[in-house]
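Shown next, in structure tokens, is the structure this report addresses.
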Amino acid sequence: MPHEPEQLRIVVGSDDAGRPYKDLLAEAMRTDGRVAEVRDVAGGLPAGAAYPAVAFAAAERIAAGRADRALLVCHTGLGMAIVANKVPGVRAVTAHDVVSVRASVLSNDAQVLALGQGVIGLALARRLVGEWLAHRFAPGTSAEAKLAAIRDYEQHRASTAVAGRGC
Ligand SMILES: O=C(CO)[C@H](O)COP(=O)(O)O
């Protein structure tokens, strides 16, 4: 589907513990002008799928270039981030405050935000998603060398990042 360059293609997913927030946050994003599309990985997964299947499906969509970002919700947000970070090229965070959500985009260029329905209230979750949609990573910042070190480790499993090269 064609979309404005500044608009984001979002994939959403949850396990049973995060479904209510995921549905409400997805509904809000569908009418947000900063969002080109919202796709739910649930359609391609068995009912009641646990967080690993959900997070792998969403992160693989990002890695394949079929979505720009993923919003994942489980009880704590932790398992979703752990799983998504296993997919090469994907950077995922669990963040429950505005400063961290902003930094996850501007500093870490993270494509995945994982939230915990059991950890934060719905109003904060909505605020965090609003903040998340407001920012875009800007290439050319001092963050680039650090991200390159992550990519280098990922691609070569070598310890250039540990040696500090590229940072
Ligand atoms: O929060 C979760 C994973 O981090 C998930 O919603 C529940 O996982 P479980 O405690 O292993 O059932």
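Both counts, for ligands and for their atoms, begin at 1 and track the order of listing.
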Inset, instruction - Could you walk me through whether V93 and L113 pass the side chain to side chain contact (heavy atoms under 4.5 Å, CB included) test, one step at a time? - result: CA-CA 5 Å; V93 301; L113 175 63; 4.1 Å; yes
Legend entry - Y51 N/O to ligand 1 N/O under 3.5 Å: no
Inset, instruction - For ligand 1, note which part of D15 has a heavy atom under 4.0 Å away: side chain, backbone, both or neither. - result: side chain
Legend entry - Protein non-hydrogen atom found under 4.0 Å from atom 4 (O) of ligand 1: yes
Inset, instruction - Within a distance under 4.0 Å of any heavy atom of A17, pick out the atoms of ligand 1 and give their elements. - result: 6 (O)
Legend entry - L25 side chain near R126 side chain, heavy-atom distance below 4.5 Å: yes
Inset, instruction - Pull out every atom of ligand 1 sitting under 4.0 Å from any heavy atom of G79, numbered as shown with elements. - result: 3 (C), 4 (O)
Legend entry - atom 1 (O) of ligand 1 touched by protein heavy atom at under 4.0 Å: yes
Inset, instruction - State, yes or no, whether a side-chain contact exists between E144 and P139 at a heavy-atom distance under 4.5 Å. - result: yes
Inset, instruction - Compare all side-chain heavy atoms of L115 with those of V129 and state whether any distance is below 4.5 angstrom. - result: yes
Legend entry - Partner of R91 by side chain to side chain donor-acceptor pair (under 3.5 Å), out of N85, D109, N108: D109
Legend entry - Any Q7 side-chain heavy atom under 4.5 Å of D68 side chain: no
Inset, instruction - Would you confirm whether any non-hydrogen atom of the protein falls under 4.0 Å from atom 9 (P) of ligand 1? - result: no
Inset, instruction - For ligand 1, indicate whether the residue C74 contacts it via side chain, backbone, both or neither (heavy-atom separation under 4.0 Å). - result: both
